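Data first, discussion second: the structure below is written as structure tokens.
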Amino acid sequence: MSTTSQVLEQSFFARPALVVARELLGKHLVRRWRNREQAVVVNEVEAYVGPHDLACHGRFGRTPRTEVMYGPAGHWYVYLCYGMHWMLNIVTDGEDWPAAVLFRGAGEFTGPGKLTKALHIDRRLNALPADEEAGLWLENRGLRVRRSQIAQTPRIGVDYAGTWKDKPYRFMLKS
DNA sequence: GCAGTGATCATA
DNA sequence: ATGATCACTGCC
């Protein structure tokens with residue numbers, strides 16, 4: 001049993017989105033909000049791998065919204081979807097390469113919109129580094145995830161993405 | 001199956 | 001200024 005708890009640094013995220021996504025399973029997403037701290041185990045993520053990925057927001061190039069994806073890894077990318085739901089992503093890869101991992105589920109919260117609502121996440125976190133000062137960060141608390149515990153499927157809600165809609169870039173912890 | 005909801009971006 | 005689109009959710 002591990003007693004250590006390591007905050008994930010930028011170097012963890014400055015790798016390909018597919019690698020980061022897989023390794024985020026079993027890590028703890030920690031939220032500090034109004035002097036309370038809540039930690040949930042990440043159990044569902046999706047990788048958006050770059051400008052050639054027809055499901056990735058970076059496919060249209062730099063815009064005000066996607067600018068943060070072109071910046072350094074380990075920063076939050078938060079945007080509003082369908083006028084109601086905040087989507088939480090962490091920027092991956094190197095600078096000038098738009099890629100990110102979407103958090104779809106953690107702890108008892110299933111669905112990206114329900115997760116952000118439960119953790120009080122909105123655009124105030126956009127473009128902030130994932131650290132304790134921001135009030136939202138990731139930790140390795142020593143949970144082991146075997147490859148046999150990971151399920152991989154196509155991503156959700158990207159039917160517009162041509163052949164990229166079928167890429168198995170969604171990673172889930174089997175229960 | 002589909003309405004709700006509003007930011008974002010292209011077009012003008 | 002306008003219109004289309006949207007990495008979702010909840011209710012029919």
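Chain letters run A, B, ... following the sequence lines, proteins first and then strands; every chain starts at 1. All of these numbers come straight from a predicted model, not from anything done at the bench.
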Counting side-chain heavy atoms from C-beta on, which of C:dT9, C:dC6, C:dA7 comes nearest to A:Y82? C:dC6

What is the ring orientation for A:Y79 with A:H57, classed by angle as parallel under 30°, tilted 30 to 60°, or perpendicular over 60°? perpendicular

Nearest-angstrom distance from the residue atom NE2 of A:H85 to P of B:dG4: 13 Å

My understanding is that only one of A:L173, A:V145, A:T110, A:L24 makes a side-chain contact (heavy atoms from CB on, under 4.5 Å) with A:N43; could you say which? A:L173

Scanning both residues in full, the closest heavy-atom pair of A:T92 with A:R15 reads CB-O, 3.6 Å

I need the CE-P distance between A:M87 and C:dC8, as an integer number of Å. 6 Å

Rounding to an integer number of Å, can you tell me how far A:D122 CG sits from B:dG6 P? 15 Å

Among C:dC8, C:dA7, C:dT9, the one nearest A:I156 by side-chain distance: C:dC8

Closer than 4.0 Å, any side-chain N/O of A:Y169 to the OP1 or OP2 of C:dA7? no

Contact class for A:F60 vs. all strands (heavy atom < 4.0 Å): base, sugar-phosphate, or nothing? nothing

Side-chain atoms of A:R123 come closest, of C:dG10, C:dA7, B:dT8, to B:dT8

Using a heavy-atom cut-off of 4.0 Å across all strands, would you classify A:R65 as base, sugar-phosphate, or nothing? sugar-phosphate

Measure the distance from CG on A:L115 to C1' on C:dA7 and round it to the nearest whole Å. 14 Å

Distance in angstrom units between A:W86 CH2 and C:dC6 P, rounded: 19 Å

Does OP1 or OP2 of C:dG10 have a side-chain N or O of A:K114 closer than 4.0 Å? yes

5'-most contact on DNA chain B: A:T63 or A:C81, nearest heavy atom basis? A:C81

Between A:R32 and A:E132 (salt bridge meaning N to carboxylate O under 4.0 Å), is one present in this structure? no

Opposite nucleotide pairing with C:dA7, Watson-Crick or G-U, both atom distances under 3.5 Å: none

In whole angstrom, what separates A:L88's CG from C:dT9's P? 13 Å

Centre of A:Y48's six-membered ring, under 6.0 Å away, within 45 degrees of the axis: is that where NZ or CZ of A:R155 sits? yes

In this structure, how many angstroms lie between the P atom of C:dC6 and the OH atom of A:Y77, rounded? 13 Å

Within this structure, what is the CE-to-C1' distance between A:M84 and C:dC11, rounded to whole angstrom? 12 Å

